[in-house]
Amino acid sequence: MIRFICVVVFLILFLILTIPVFFIEWLIGKFNRNARDYSCLRIVQWGFKAILKVTGVHTTVIGFENIPDEPVLFIGNHRSFFDILLTYSRCPRLTGYVAKKEMEKIPLLSTWMRFVYCLFLDRENPKEGLKTILQAIDYVKQGISICIFPEGTRNKGEELSMLPFKEGAFKIAAKTGCAIVPISMNNTAAIFENQFPRIKKVNVVVEYGTPIYPKDLAPEDKKHIGAYVQNIIQETINKNAELI
């Protein structure tokens, strides 16, 4: 319970104490947008790394070298709020995450999210959802990577299970030709969700798979690319279960 309280206190203080930073970053952006973008990225990553330090979580990272130095579409399985911290804290370049629409209502946090190119997806409104995907496509064309968890929500089932991937997310790669980088995560729900509201010091595994370029896939795999990528992630989390 102490870890949970420490994380909450840190998050509140971070959001409050960085209010003046919004103005500074806005000013920097007037003269050098790229400098502002990377400054925001590193500030948020520092905050996430600090929270992970408080949790005491030990992370085994595999295949980080597989991430190409170009904008990509990160696709991962999703079981915990901490999936975002574990992956975003390691993004080597500008990366926007696709979050649920409800996150847009959280003061200060949503401001930081917009500063680092996060997008808010309305899962109940297909028309608005399409706009979000189109914006993500535009970001990739601008050189910004996108990360999305295509299960659509956190999977609360068995540890090695996954919900079906929603194919719409993969249009980002299909329309831009960017690489898809699978992210397979094991045991992340054990950090928090399995014993809510306590935060537990556990071992987790994060593996980055080999980049997948849609143009290189067989026609049948390209047609069902969501299932193709999900199968890769499923095989990887099954393999890595023995590392926990």
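Sparse packing is recorded around CD of Glu158, with 12 or fewer heavy atoms of other residues, nucleotides or ligands lying under 6.0 Å away.
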*Dump the intermediate steps for side-chain hydrogen bond (donor to acceptor under 3.5 Å, both in side chains) on Thr18 and Trp112, then the final yes or no.*
CA-CA 10 Å; Thr18 55; Trp112 270 115; 3.1 Å; yes
*asked:* Test ring pair (Phe, Tyr, Trp, His ring centres under 6.0 Å) on Tyr117 and Tyr97; report intermediate values, then the result.
replied: CA-CA 7 Å; Tyr117 294 99; Tyr97 274 51; over 10 Å; no
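Here the OG atom belonging to Ser184 is positioned 10.0 Å from the CD atom belonging to Glu235, to the nearest 0.5 angstrom. Atom OG1 of Thr176 is separated from atom CG of Leu73 by 7.5 Å, given to the nearest 0.5 angstrom. How far CE of Met162 is from CG of Asn231: 8.0 Å, rounded to the nearest 0.5 Å. Gln195 CD to Met1 CE: the interatomic distance, rounded to the nearest 0.5 Å, is 11.5 Å. Summarising the geometry, atom CD belonging to Glu207 is positioned 4.5 Å from atom CD1 belonging to Ile62; distances are rounded to the nearest 0.5 Å. Between the OG atom of Ser145 and the CG atom of Leu94 there is a distance of 8.0 Å, given to the nearest 0.5 Å.
When all heavy atoms of Leu85 and Leu52 are compared, the pair lying nearest together is O-CD1, 3.8 Å.
In this structure, Glu124 does not pair ionically with Lys101, as no charged nitrogen and carboxylate oxygen lie closer than 4.0 Å. By the 4.0 Å N-to-carboxylate-O rule, Arg33 lies close enough to Asp37 to be salt-bridged with it. For the pair Glu220 and Lys223, the salt-bridge criterion is not met [side-chain N within less than 4.0 Å of a carboxylate O]. The existence of a salt bridge linking Lys166 and Glu151 is excluded, since no basic side-chain nitrogen approaches an acidic carboxylate oxygen closer than 4.0 Å.
You'll find the side chain of Leu163 stays beyond 4.5 Å of the side chain of Asn77, heavy atoms only.
Under the 30°/60° scheme for interplanar angles, the aromatic rings of Phe14 and Phe10 are found to lie parallel.
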